[in-house]
Amino acid sequence: MSNMQQRYRVAILGSSLHIARAIAARLQSEPYTVLVFDNADELLDVAAFHHLSLVLVAVDNYSTTDNALYRTVERLRRADVEIFVITHHHSVRHTLHLLGAGVRQCMTFPIAVERLRRKIIEHLATKPIYMEPVS
């Protein structure tokens with residue numbers, strides 16, 4: 001069991017790899033492993049074989065006339081993944097729709113990194129830690 005660790009696994013799905021990596025860089029060294037994706041299908045493939053404690057969906061180019069974010073949230077919820085969403089603020093209706101779809105937290109750009117860290121830690125404190133390789 002030397003290659004096994006007790007760690008939470010947090011995935012970041014960004015509208016671009018640049019955004020996902022920028023967020024991940026600020027979240028490294030926390031009590032969790034961060035995985036970075038810019039493709040929902042790849043993330044869902046990983047979620048099918050490994051437990052993810054949380055997924056952050058960061059979308060900087062979201063349009064309220066495009067349902068892609070809602071479809072992505074729906075697919076992740078069907079995979080039994082817990083979700084935080086980070087977008088530019090649009091409306092209370094948009095936020096309520098995401099929360100009604102099962103999103104745990106809605107946050108806005110620019111990201112307050114300390115607040116994001118605190119929200120993640122608070123959320124993970126309610127979750128079991130899974131014993132499995134984190135690579």
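The figures here come from the full heavy-atom set of this structure, side chains too, leaving out hydrogens, waters and symmetry mates.
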Strictly distance-based, threshold 3.5 Å: is any side-chain N or O of [X] a donor or acceptor partner for the main-chain N or O of [Y]?
X	Y	result
R21	V36	no
N39	E42	yes
T95	S91	yes
R77	V103	no
Y8	L124	yes

**Study point:** Pairwise side-chain hydrogen bond (donor to acceptor under 3.5 Å, both in side chains) hits with a residue in residues 98-111, at least two apart
**Key:** E82-R104
Side-chain heavy-atom pair [X], [Y] within 4.5 angstrom cut-off:
X	Y	value
L27	L56	yes
I23	I111	yes
F109	I86	yes

Check your understanding: Are R78 and E74 close enough, and set up right, to give a salt bridge (Lys or Arg N to Asp or Glu O under 4.0 Å), and what steps lead you there?
Key -> CA-CA 6 Å; R78 276 186 288 183; E74 182 180 310; 3.8 Å; yes
Exercise for review: Please answer: with hydrophobic residues joined when any side-chain heavy atoms are less than 4.5 Å apart, are F84 and I121 in the same cluster?
Suggested key: yes
Check your understanding: Does A68 have any side chain to side chain contact (heavy atoms under 4.5 Å, CB included) partners at least two apart in sequence or in another chain, and if so, which?
Key -> D66, R71
